[in-house]
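See structure below.
In the text below, chain A, chain B and the rest are named by the order of the sequence lines, each starting its count at 1.
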2 protein chains.
Amino acid sequence: MTNIDELKSTGLKATLPRLKILEIFQKGTQRHMTAEDVFRVLLEERSDIGLATVYRVLTQFEQAGILSRNNFESGKATYELDEGKHHDHFVCTACGKVEEFYDAEIEKRQQLVAQSKGWVVHEHSMALYGHCAQCAQNKK
Amino acid sequence: MTNIDELKSTGLKATLPRLKILEIFQKGTQRHMTAEDVFRVLLEERSDIGLATVYRVLTQFEQAGILSRNNFESGKATYELDEGKHHDHFVCTACGKVEEFYDAEIEKRQQLVAQSKGWVVHEHSMALYGHCAQCAQNKK
DNA sequence: TTTATTGCAAAACCTTTGCATGTAT
DNA sequence: ATACATGCAAAGGTTTTGCAATAAA
């Protein structure tokens with residue numbers, strides 16, 4: 001399925017800004033990007049796409065399930081391609097790198113805790129903050 | 001130890017705004033509060049304390065270890081009394097209630113996952129979003 | 001041609017800061 | 001007396017929105 005078809009299948013018109021932004025995420029140079037990050041890439045490519053459009057498209061892509069949003073402690077929202085595989089994040093507070101992980105046991109315990117208190121969990125966010133292997137090494 | 005002493009012991013002068021704000025959290029009417037929440041209570045009490053001061057005091061209290069800050073998905077920071085017991089949060093997306101929980105197994109797995117990848121975790125945030133027991137019940 | 005989308009500028013929102021004034025020690 | 005804290009208003013950073021112009025279907 002082409003990107004054009006993918007967009008149309010979600011009810012979104014296949015416009016140039018949307019195609020460009022989708023490609024930026026697919027190109028994969030940087031997996032987690034803020035609106036500003038995306039806008040900067042567009043500027044470098046001399047695409048005349050406004051920042052407001054970037055925000056609008058990111059929101060639409062999130063609602064369409066194309067991207068997923070994360071709110072880390074930086075105060076800016078970051079987006080990544082939604083590949084349907086749930087995962088949590090580790091954020092390096094030294095270099096800013098974001099890595100992903102999944103632990104079935106943690107997921108299971110979350111459900112158990114929720115059940116024991118009668119909650120119904122729809123989603124969760126979990127992020128570990130610290131130093132990645134590389135930055136921890138450099139500190140020594 | 002009085003609140004005055006508690007403040008002084010952290011190097012903060014025992015001013016009226018600081019004492020008032022500390023009391024609001026200790027009164028415990030609402031455990032998790034945004035700057036705006038605190039400001040609203042102060043307004044009701046006719047204390048002439050500015051919003052900027054509320055922000056400054058909350059930041060200072062966090063650095064002093066009196067309060068701890070959480071960034072849930074609302075976009076606003078919330079604060080709660082720091083009683084030294086680490087815990088995670090469950091946020092009800094229907095009524096806004098925040099409950100706390102602690103699961104030793106989850107904490108242990110987080111460390112294991114981090115170790116296996118060479119990360120050094122300094123802190124983490126984890127929040128489950130969904131319906132609390134009461135709101136889940138009302139949906140039926 | 002009809003309806004959605006865009007760009008721009010302005011506004012909204014939460015939070016921080018400069019500065020003159022006031023207060024705790 | 002001195003250093004710190006406050007209030008106000010202004011500015012900061014991120015995100016949203018109104019509207020006329022434009023592009024997709």
In whole angstrom, give the distance that lies between atom CG of A/Leu58 and atom C1' of D/dT14.
13 Å
To the nearest angstrom, the CG-P distance between A/Asp5 and D/dA25 comes to 10 Å
Under a 3.5 Å threshold, yes or no: a donor from one side chain and an acceptor from the other, between A/Asp88 and A/His124?
yes
Euclidean distance, atom CZ of residue B/Phe61 to atom C1' of D/dA5 [Å, nearest integer]:
12 Å
Option passing side-chain contact (heavy atoms from CB on, under 4.5 Å) with A/Val57 (candidates A/Val38, A/Leu12, A/Ile21)
A/Ile21
Proximal nucleotide (of D/dT14, D/dT6, D/dT17) relative to the B/Val57 side chain:
D/dT6
It should be established whether B/Thr53 places a side-chain nitrogen or oxygen under 4.0 Å from OP1 or OP2 of nucleotide D/dG7.
yes
From CD1 of B/Ile4 across to C1' of C/dA24 the rounded distance in Å is 11 Å
Nearest 0.5 Å, what's the CD-NE2 distance between A/Glu100 and A/His32?
4.0 Å
Testing C/dT17, C/dA24, C/dT25 for proximity to the side chain of B/Ala52, the answer is C/dT17
Kindly say whether, by distance alone, the side chain of A/Lys13 makes a donor-acceptor pair under 3.5 Å with the base of C/dT3?
yes
Indicate whether OP1 or OP2 belonging to C/dT15 is found under 4.0 Å from a side-chain N or O atom of B/Tyr55.
yes
Checking side-chain contact (heavy atoms from CB on, under 4.5 Å) between B/Leu67 and each of B/Leu58, B/Leu22, B/Asp82, which is the one that passes?
B/Leu58
For B/Arg56, answer base if it contacts any base atom (sugar-phosphate contacts may also be present), sugar-phosphate if it contacts only those atoms, and nothing otherwise; contact means non-hydrogen atoms under 4.0 Å.
base
Atom CZ of B/Phe39 and atom P of C/dC14: how far apart are they, to the nearest Å?
13 Å
Atom CE of B/Met126 and atom NE2 of B/His89: how far apart are they, to the nearest 0.5 Å?
11.5 Å
Rounded to the nearest Å, what distance is computed from the CG atom of residue A/Asp48 to the P atom of nucleotide C/dT5?
20 Å
So, is B/Thr15 close to the D/dC4 phosphate, meaning a side-chain N or O under 4.0 Å from OP1 or OP2?
no
Nearest-nucleotide wise, let me know which of B/Ala14 and B/Asn71 is further upstream toward the 5' end of DNA chain C.
B/Asn71
Applying a 4.0 Å non-hydrogen cut-off, can you work out what B/Leu16 is touching in the nucleic acid: base, sugar-phosphate, or nothing?
nothing
CD of A/Gln60 versus C1' of D/dT17: gap in Å, rounded?
14 Å
In whole angstrom, what separates A/Lys20's NZ from C/dT6's P?
14 Å
